[in-house]
Protein chains: 2
Amino acid sequence: MTTPLALVGDEPDGIYRLQDQVGFVLRKAHQRHVAIFASRIADLTPPQFAALARLYEIGETSQNQLGQMIAMDAATVKGVIDRLKSRGYVSLQKHDTDKRLLLVSLTAAGREAVEELIPLAKTITEETLTPLTQKEAAQFLRLLGKIA
Amino acid sequence: MTTPLALVGDEPDGIYRLQDQVGFVLRKAHQRHVAIFASRIADLTPPQFAALARLYEIGETSQNQLGQMIAMDAATVKGVIDRLKSRGYVSLQKHDTDKRLLLVSLTAAGREAVEELIPLAKTITEETLTPLTQKEAAQFLRLLGKIA
DNA sequence: CTGATATCATTTGCATACGAATGAATTTGC
DNA sequence: GCAAATTCATTCGTATGCAAATGATATCAG
């Protein structure tokens, strides 16, 4: 154990501790989650899975639109989709009338992969929340949702 | 507003919603924090600041040790330290007896930078936690600390 | 209808982040 | 005291993540 966390606004001009800064702890929590994810799903990254899962929910969309729905900017989503395409999980197609749009959709293999991985993804969420009781976990998810 | 968050373990074989998965929300929260950080401290990244702040706390250490204290692996910390060195914020020196160690320490400019930035860093934490009440923020930091 | 604006995808450059491999130096085990 | 194991720093490859610039296309305003 380290020293207890200070309350926000505590010690207005007091000492500065990195481990009390939300960004630092957020970064570590994210790293831990990514490690848990990798240990359970070795051949996809969390962003790649997010793209597949969203496509599974909503069906075909444009690349940009998909990016907005999974919180990725245009440059990032392009790389993710490129890699999913090279694996055969998604297929790309130009929009009929609006020639700017690149439509992304799941292939049969992509759909199968998502269906297999969803139970694992739920396990990953549970394992990440293992340090918390059920009550704490619900509370944490509620507050985290407000922060995000 | 989207649909309310499911409790953990809710709907054992129910629907899967990306926005209920802790990793996805954690990633978004982290992104939001990085954006807030960049808006207040334009010329340093959060990992760079973490390195400077830790060096300020503890003084000279080896590059690897520093990495462990700010949750960065050896490859990552090397890049961060290289960039801080090229800005004149840290200086590097070989250990006298143990020739494997690369000692990192703050320069005068680095120390000044940290002292100027610490108040801003506190503001950044506060702004990140703005969506929460004081009570919620304290609760959130407590639970986040357990997750990390 | 047409010039200004906006949107979409792409590309480039930079900064984490991690696994794996490597070489140098140190410590351990026996 | 010496071979084996460990530690440290570095390098390479891959994958986000974002800002900024660009070109193609679409929409809007007058």
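Sequence lines set the chain letters: A, B, ... in the order given, protein chains first and strands last, and positions in each chain run from 1. These values consider heavy atoms only, across backbone and side chains, with no hydrogens, waters or symmetry-generated copies.
Grouped by direct or indirect side-chain proximity (heavy atoms under 4.5 Å, Ile/Leu/Val/Met/Phe/Trp/Tyr only), A/L101 sits alone. Other residues sharing the hydrophobic cluster of A/M69, ordered by chain and number and joined by side-chain separations under 4.5 Å: A/I58.
Boundaries of the chain B contact region on DNA chain D are D/dT7 to D/dC18, first to last in 5' to 3' order (nucleotide atom under 4.0 Å from a heavy atom).
Listed by chain and number, the residues in a side-chain hydrogen bond (donor to acceptor under 3.5 Å, both in side chains) with B/S105 are B/S91 (sequence neighbours excluded). By the side chain to side chain contact (heavy atoms under 4.5 Å, CB included) test, A/K146 is found to be paired with A/R142, B/P131, B/L132, B/E136, residues two or more places apart in sequence or in another chain being considered. Listed by chain and residue number, A/F140 satisfy the ring-ring contact (aromatic ring centres under 6.0 Å, His included) test with B/F140 (two or more places apart in sequence, or in another chain).
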Check your understanding: What one-letter contact string describes nucleotides 8-20 of chain C from 5' to 3', where B marks a base within less than 4.0 Å of any protein heavy atom, S marks contact via sugar-phosphate atoms alone, and - marks no contact?
Key -> SSBB---SBBBB-
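To the nearest 0.5 Å, atom CZ of residue B/R87 and atom OG1 of residue B/T107 are 12.0 Å apart. Distance check: B/L44 CG to B/L117 CG gives 6.0 Å after rounding to the nearest 0.5 Å.
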Side-chain donor/acceptor pairs under 3.5 Å, residues 60-67 of chain A, sequence neighbours excluded:
unit_1 : atom_1 : unit_2 : atom_2 : d
A/T61  : OG1    : A/G59  : O      : 3.4
A/S62  : OG     : A/Q65  : N      : 3.1

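Rotation axes derived from the C1' atoms of the five outermost pairs at either end of the helix from C/dC1-D/dG30 to C/dC30-D/dG1 lie 30° apart, to the nearest 10°.
Residue pairs meeting the ring pair (Phe, Tyr, Trp, His ring centres under 6.0 Å) criterion with at least one member in residues 76-118 of chain A, sequence neighbours excluded, do not occur. Within the structure, ring pair (Phe, Tyr, Trp, His ring centres under 6.0 Å) pairs that include any residue of residues 18-46 of chain A comprise A/H30-B/H30 (at least two apart or interchain).
Test A/L55, A/L106, A/L52 against A/R111 for side-chain contact (heavy atoms from CB on, under 4.5 Å) and you get one pass: A/L106.
Using a 4.0 Å cutoff on non-hydrogen atoms, no part of residues 53-61 of chain B comes near DNA chain C.
Under a hydrophobic clustering in which Ile, Leu, Val, Met, Phe, Trp and Tyr are joined whenever their side-chain heavy atoms come within less than 4.5 Å, directly or via other members, A/V34 and A/I36 fall into different clusters.
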